[in-house]
Amino acid sequence: MPSLKTRVAIVGAGPAGLLLGWALGASGIDSVIVERRPVDYILARVRAGVLEQGSVETLTELGLGGRLAAEGLVHRGIYLQFAGERHHVDFADLVGRTVTVYGQQAVVRDLITAHEGAGSRIFYSADDVAVHDIATTPRVSFTHDGQPHEIEADFIVGADGFHGVCRPAIPADALTAYERGYPYAWLGILADVAPSTDELIYCLHEDGFAMHSMRSPTVSRLYLQVNPDEKIEDWSDERIWDALHARLGIDGWRLNEGPVTEKSITPMRSFVVSSMNHGRLFLAGDAGHIVPPTGAKGLNSAIADVTLLADAFARYYAGDEAPLAGYSDAVLSRQWRIQQFSQWMTRMLHRHPGDAGEHRFDYFSQLGELDYTTGSVHAMRSLAEQYTGLPLSRHSLSRQEHAA
Ligand code: FAD
Ligand code: DHB
């Protein structure tokens, strides 16, 4: 059986795995990536769309900022819409930071192009991926082109998303999972039409949440709150546009329609695993934590994990083991803040099933919260600080607070 040796074996070629492999390469640390899907499938996957300023800086520092700088849309804030009115929250004015709209699909394309140029070792379409001896002498086995393979590594990184094989390889008594479900899902579409807004609109409407995002000056990305058991086949393009018009419409503004090129329904969950490390296995990104998408934190959290982990490996191979030993604690202290922010945004902006009729309590309480969030400079600054991105450690958060 062909056997490879490397320092870090990475399972999963989503944004976390691809970025980690690239960042390790930049520090001269050898890695091999194993991915169960074909490369075309990965390139076609449509997901998140908003990069925090820190994520943009990370990608740029790693030499991945060329197309991002040319095509990314820098937004100085977002709109919050409720009770038929749209309010702008100006992050640039409030905290001096911006976000960049640049799809996860584009981030992944840039990473794959960079890896191809560098001749990185990536096995796509790998079957039967399994990890072994994670506490002692870690190995990854898989089948590729019908041939069994094995990788011997110093470490394994599980960047294989929520449904991967790495997290389940940690013994149950060494792992605690914290989870919340939500009684709603997002129906998302991509449409070939110029965005009808200059910045993202997050909207609470009596019929449910709606959002207007974008991918480029000619492509719009839109979302609708739907029931988690809805079937995408029951949502014709006409029904989707009707619901978007009803929820997003306000006086004096029109939503442009165009051909729908992609549509899907995504369930929501909050999930955190403790610890993000067992023996010589480390988890990064969705393998270790999931947020509901309302705060735009999934992709950004994956990038933040990788930033910490790549730095920890570089320091480990330079003789300092402490950052790697502290990786899980560093991720989790930041991640719980992100969990709370994402849950807060989600609950504030979605209709809660059962909260109906003239005595609906949650809806009016949410309107009160949105009124405060768009009316108080303190509340807006808190939203701006969290939406544009928290620093990587609590230590630097307190420094930022003192500096403000
Ligand atoms: P992933 O992107 O899930 O990548 C994991 C990779 O591992 C995949 O390529 C997978 O094929 C591979 N893999 C899985 N199992 C194995 C195995 N056994 N062996 C080898 N490889 C394996 N976030 C937002 O902020 N906004 C959004 O609108 C949004 N939409 C989303 C829609 C969907 C359908 C999903 C699933 C997530 C969405 N997210 C969104 C979350 C965001 O996309 C994720 O947080 C982000 O993709 C995390 O990156 P990752 O690399 O950790 O995981
Ligand atoms: C997008 C997705 C999000 O989850 C979000 O909060 C904002 C934008 C997007 O896909 O564009």
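Just so you know, ligand 1 is whichever comes first in the structure, and atom 1 is the first atom listed for that ligand. The figures that follow rest on heavy atoms only: side chains count, while hydrogens, waters and symmetry mates do not. Numbering starts at 1 and runs along the sequence shown.
- In this structure, Arg347 does not pair ionically with Asp362, as no charged nitrogen and carboxylate oxygen lie closer than 4.0 Å.
- The parts of Asp160 lying near ligand 1 are both backbone and side chain, judged by heavy-atom distances below 4.0 Å.
- Every N/O-N/O distance between Gly17 and ligand 1 stays at or above 3.5 Å.
- From the protein, the heavy atom lying nearest to atom 1 (P) of ligand 1 is Arg47 NH1, 3.3 Å.
- When distances from atom 39 (N) of ligand 1 to the protein are checked, no heavy atom turns up under 4.0 Å.
- Looking only at atom types and distance, the side chain of Glu369 has no donor-acceptor partner in the side chain of Ser365 under 3.5 Å away.
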CA sep, side-chain torsions, deciding dist, call: Phe82, His87, ring-ring contact (aromatic ring centres under 6.0 Å, His included): CA-CA 9 Å; Phe82 56 98; His87 305 258; 4.8 Å; yes
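- Contact annotation: for Val34 versus ligand 1, heavy atoms closer than 4.0 Å belong to the backbone alone.
- Taking the side chain as every heavy atom from C-beta outward, Thr137 and Glu152 never approach each other to under 4.5 Å.
- One finds a salt bridge joining Glu206 and Arg360 here, because a Lys/Arg side-chain nitrogen approaches an Asp/Glu carboxylate oxygen to under 4.0 Å.
- For a threshold of 3.5 Å applied to N or O pairs, the pair formed by Gly298 and ligand 1 contains at least one separation below that value.
- Residue contact check for ligand 1: Phe162 places no non-hydrogen atom closer than 4.0 Å to it.
- Remark: ligand 1 and Arg221 share no N or O pair separated by less than 3.5 Å (distance only, no angle test).
- For atom 20 (C) of ligand 1, the closest non-hydrogen atom of the protein is Arg36 N, 3.3 Å.
- Of the listed residues (Ser342, Ala126, Pro15, Gly285), the one carrying the non-hydrogen atom nearest atom 49 (O) of ligand 1 is Pro15.
- Contact check for His350 versus Trp186: side-chain heavy atoms found under the 4.5 Å cut-off.
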Side chain to side chain donor-acceptor pair (under 3.5 Å) assessment of Tyr223 paired with Arg221: CA-CA 7 Å; Tyr223 294 99; Arg221 175 85 167 142; 2.8 Å; yes
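- Within 4.0 Å of ligand 2, protein heavy atoms come from Arg47, Ala48, Gly49, Val50, Trp186, Leu200, Tyr202, Met211, Ser213, Arg215, Arg221, Tyr223, Pro293, Thr294, Ala296.
- The closest protein non-hydrogen atom to atom 11 (O) of ligand 1 is Glu35 OE2, 2.7 Å.
- Listed by first and then second residue, the salt bridge (charged side-chain N to carboxylate O under 4.0 Å, His left out) pairs involving residues 296-325 are Glu52-Lys297, Asp311-Arg315, Arg315-Asp320 (not counting sequence neighbours).
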